Visitor: 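This structure is in C-alpha coordinates; I'll ask about it shortly.
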Amino acid sequence: MRYWLMKSEPSECSIDDVLAMPKQSVAWWGVRNYQARNFMRDLMRPGDPVFFYHSSCPEPGIVGLAEVASRAYPDETQFEPTGKYYDPKSSREAPRWLLVDVRVKCKTRLITLDELRAHAELSTMRVLARGNRLSITPVAPEHWQFICARLLGLPS
DNA sequence: GCCAACGTTGGC
DNA sequence: GCCAACGTTGGC
(Lines give C-alpha, C1' and ligand atoms only; values in the text may rest on other atoms or scores of the structure.)
Protein backbone atom coordinates (compact mmCIF):
# COMPACT_ATOMS: atom_id res chain seq x y z
CA MET A 1 0.00 0.00 0.00
CA ARG A 2 1.20 3.49 -0.87
CA TYR A 3 0.24 6.91 0.41
CA TRP A 4 -0.52 9.88 -1.85
CA LEU A 5 -1.20 13.58 -1.92
CA MET A 6 -3.50 14.81 -4.69
CA LYS A 7 -4.00 18.45 -5.55
CA SER A 8 -7.28 19.88 -6.72
CA GLU A 9 -8.19 23.48 -7.37
CA PRO A 10 -11.25 24.14 -5.22
CA SER A 11 -12.67 26.40 -7.94
CA GLU A 12 -12.74 23.31 -10.19
CA CYS A 13 -13.46 20.57 -7.70
CA SER A 14 -13.35 21.16 -3.96
CA ILE A 15 -13.59 18.55 -1.26
CA ASP A 16 -17.15 19.72 -0.61
CA ASP A 17 -17.96 19.18 -4.28
CA VAL A 18 -16.77 15.58 -3.97
CA LEU A 19 -18.72 15.02 -0.77
CA ALA A 20 -21.83 16.13 -2.64
CA MET A 21 -21.27 13.49 -5.33
CA PRO A 22 -22.84 10.04 -5.28
CA LYS A 23 -20.63 7.78 -3.16
CA GLN A 24 -18.50 10.84 -2.31
CA SER A 25 -16.33 9.79 -5.21
CA VAL A 26 -14.95 11.63 -8.21
CA ALA A 27 -13.06 10.74 -11.37
CA TRP A 28 -9.75 12.62 -11.05
CA TRP A 29 -9.94 14.16 -14.49
CA GLY A 30 -7.52 16.51 -16.14
CA VAL A 31 -4.08 15.15 -15.27
CA ARG A 32 -1.84 15.98 -18.27
CA ASN A 33 1.55 15.16 -16.88
CA TYR A 34 3.23 11.87 -17.66
CA GLN A 35 4.77 11.34 -14.26
CA ALA A 36 1.46 11.87 -12.50
CA ARG A 37 -0.26 9.63 -15.02
CA ASN A 38 2.29 6.91 -14.46
CA PHE A 39 1.76 7.06 -10.71
CA MET A 40 -1.94 6.41 -11.30
CA ARG A 41 -1.37 3.72 -13.89
CA ASP A 42 1.51 1.85 -12.31
CA LEU A 43 1.42 2.39 -8.58
CA MET A 44 -2.02 3.43 -7.36
CA ARG A 45 -4.30 0.70 -6.12
CA PRO A 46 -7.79 0.84 -4.67
CA GLY A 47 -7.59 1.48 -0.96
CA ASP A 48 -4.40 3.57 -1.05
CA PRO A 49 -4.81 6.48 1.40
CA VAL A 50 -4.80 10.00 -0.05
CA PHE A 51 -4.40 13.48 1.36
CA PHE A 52 -6.88 15.74 -0.44
CA TYR A 53 -5.12 19.06 -1.06
CA HIS A 54 -6.51 22.39 -2.24
CA SER A 55 -4.17 24.32 -4.54
CA SER A 56 -4.27 27.65 -6.39
CA CYS A 57 -6.45 29.20 -3.74
CA PRO A 58 -6.07 31.68 -0.88
CA GLU A 59 -5.01 29.04 1.64
CA PRO A 60 -3.42 26.04 -0.04
CA GLY A 61 -3.17 22.93 2.10
CA ILE A 62 -4.49 19.55 3.13
CA VAL A 63 -8.25 19.60 3.71
CA GLY A 64 -9.24 15.97 4.04
CA LEU A 65 -8.58 12.26 3.87
CA ALA A 66 -9.53 10.21 0.85
CA GLU A 67 -8.69 6.93 -0.80
CA VAL A 68 -8.06 5.59 -4.26
CA ALA A 69 -11.31 3.97 -5.37
CA SER A 70 -10.47 2.37 -8.72
CA ARG A 71 -7.67 1.26 -10.95
CA ALA A 72 -6.61 3.63 -13.71
CA TYR A 73 -8.87 4.00 -16.75
CA PRO A 74 -9.10 6.47 -19.66
CA ASP A 75 -9.94 10.09 -18.89
CA GLU A 76 -12.99 10.90 -21.01
CA THR A 77 -12.16 14.60 -21.14
CA GLN A 78 -9.27 13.93 -23.54
CA PHE A 79 -11.83 12.92 -26.21
CA GLU A 80 -14.04 16.01 -25.96
CA PRO A 81 -12.97 18.37 -28.78
CA THR A 82 -14.54 21.46 -27.25
CA GLY A 83 -13.24 20.88 -23.74
CA LYS A 84 -10.14 22.40 -22.24
CA TYR A 85 -8.68 18.97 -21.56
CA TYR A 86 -9.00 17.78 -25.17
CA ASP A 87 -5.90 16.09 -26.58
CA PRO A 88 -5.99 15.75 -30.37
CA LYS A 89 -3.04 13.35 -30.24
CA SER A 90 -4.93 10.85 -28.14
CA SER A 91 -7.39 8.26 -29.43
CA ARG A 92 -9.83 5.73 -28.06
CA GLU A 93 -7.61 2.98 -29.42
CA ALA A 94 -4.56 4.36 -27.62
CA PRO A 95 -5.72 6.67 -24.83
CA ARG A 96 -2.90 8.85 -23.61
CA TRP A 97 -4.41 10.08 -20.35
CA LEU A 98 -5.76 8.03 -17.50
CA LEU A 99 -7.41 8.73 -14.18
CA VAL A 100 -8.51 6.96 -11.04
CA ASP A 101 -11.60 7.46 -8.92
CA VAL A 102 -10.98 9.13 -5.57
CA ARG A 103 -13.38 8.79 -2.66
CA VAL A 104 -13.34 11.31 0.16
CA LYS A 105 -13.48 9.71 3.60
CA CYS A 106 -13.61 12.82 5.77
CA LYS A 107 -12.72 16.46 5.93
CA THR A 108 -9.98 17.51 8.33
CA ARG A 109 -8.98 20.85 9.67
CA LEU A 110 -6.99 22.83 7.14
CA ILE A 111 -3.28 22.08 7.37
CA THR A 112 -1.77 24.91 5.39
CA LEU A 113 1.33 24.72 3.27
CA ASP A 114 2.99 27.04 5.79
CA GLU A 115 2.23 24.62 8.61
CA LEU A 116 3.62 21.69 6.67
CA ARG A 117 6.81 23.63 5.97
CA ALA A 118 7.14 24.55 9.63
CA HIS A 119 7.83 20.94 10.67
CA ALA A 120 11.37 19.71 10.16
CA GLU A 121 10.03 16.14 10.15
CA LEU A 122 8.24 16.92 6.89
CA SER A 123 11.04 18.80 5.16
CA THR A 124 11.62 16.05 2.61
CA MET A 125 7.99 15.76 1.56
CA ARG A 126 7.87 15.79 -2.21
CA VAL A 127 5.06 18.31 -2.32
CA LEU A 128 7.22 20.78 -0.40
CA ALA A 129 10.19 20.44 -2.72
CA ARG A 130 11.31 23.61 -4.41
CA GLY A 131 9.77 23.93 -7.82
CA ASN A 132 7.49 20.95 -7.38
CA ARG A 133 4.70 21.09 -9.92
CA LEU A 134 3.36 17.58 -9.73
CA SER A 135 -0.32 17.43 -8.89
CA ILE A 136 0.05 13.90 -7.56
CA THR A 137 2.92 13.05 -5.24
CA PRO A 138 3.77 9.97 -3.20
CA VAL A 139 3.79 10.46 0.57
CA ALA A 140 6.31 8.55 2.67
CA PRO A 141 4.69 6.39 5.37
CA GLU A 142 6.47 8.31 8.12
CA HIS A 143 5.16 11.59 6.74
CA TRP A 144 1.65 10.20 6.57
CA GLN A 145 1.90 8.99 10.17
CA PHE A 146 3.32 12.29 11.39
CA ILE A 147 0.55 14.32 9.82
CA CYS A 148 -2.22 12.04 11.01
CA ALA A 149 -0.95 11.50 14.53
CA ARG A 150 0.80 14.75 15.37
CA LEU A 151 -1.04 17.33 13.29
CA LEU A 152 -4.51 15.83 13.16
CA GLY A 153 -4.47 13.94 16.43
CA LEU A 154 -5.88 10.81 14.86
CA PRO A 155 -5.28 7.49 16.61
CA SER A 156 -2.71 5.40 14.78
C1' DG B 1 -0.50 39.38 -12.20
C1' DC B 2 4.31 38.00 -11.38
C1' DC B 3 7.69 34.75 -11.95
C1' DA B 4 10.58 30.53 -10.68
C1' DA B 5 10.75 26.06 -11.96
C1' DC B 6 10.42 22.68 -15.03
C1' DG B 7 7.99 19.84 -18.69
C1' DT B 8 7.12 19.59 -23.72
C1' DT B 9 7.90 20.54 -28.46
C1' DG B 10 10.24 20.60 -32.59
C1' DG B 11 14.10 22.12 -35.58
C1' DC B 12 18.50 20.64 -36.48
C1' DG C 1 19.85 13.40 -29.00
C1' DC C 2 20.58 18.35 -28.09
C1' DC C 3 18.64 22.46 -26.68
C1' DA C 4 16.11 26.95 -27.37
C1' DA C 5 11.62 28.44 -27.24
C1' DC C 6 7.49 28.08 -25.31
C1' DG C 7 3.74 26.64 -22.11
C1' DT C 8 2.07 25.43 -17.55
C1' DT C 9 1.89 25.15 -12.60
C1' DG C 10 1.09 27.18 -8.45
C1' DG C 11 2.68 29.95 -4.52
C1' DC C 12 2.99 34.54 -3.52
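These numbers were taken from a predicted model, which means no experiment stands behind them. Side chains are part of it too, since the values below use all heavy atoms of this structure and drop only hydrogens, waters and symmetry mates. Proteins get letters first, then strands, A, B, ... in listed order; numbering begins at 1 in each.
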Visitor: Within 45° of the ring axis of A:Phe79 and under 6.0 Å from its six-membered ring centre, is that where the NZ or CZ of A:Arg92 lies?
Guide: yes
Visitor: Can you work out whether A:Gln35 or A:Lys89 has the more 5'-proximal nearest nucleotide on DNA chain B?
Guide: A:Gln35
Visitor: Are the aromatic ring centres of A:Trp97 and A:Tyr73 under 6.0 angstrom apart?
Guide: no
Visitor: Evaluate the side chain to side chain contact (heavy atoms under 4.5 Å, CB included) criterion for residues A:Val18 and A:Cys13: first the C-alpha distance (whole Å), next the side-chain angles of each, then the deciding distance (0.1 Å), finally the verdict.
Guide: CA-CA 7 Å; A:Val18 182; A:Cys13 181; 3.6 Å; yes
Visitor: List the protein contact pattern of nucleotides 6-12 of chain C with one symbol per nucleotide (5' to 3'): B for base contact, S for sugar-phosphate-only contact, - for none; contact means a heavy-atom distance under 4.0 Å.
Guide: -BBBBSS
Visitor: Walk me through whether A:Leu152 and A:Ile62 qualify under side chain to side chain contact (heavy atoms under 4.5 Å, CB included).
Guide: CA-CA 11 Å; A:Leu152 293 173; A:Ile62 293 170; 5.7 Å; no
Visitor: Rounded to the nearest 0.5 Å, how far apart are CD of A:Gln35 and OG of A:Ser135?
Guide: 10.5 Å
Visitor: On DNA chain B, check which nucleotide each of A:Gly131 and A:Tyr34 is closest to and give me the residue with the more 5' one.
Guide: A:Gly131
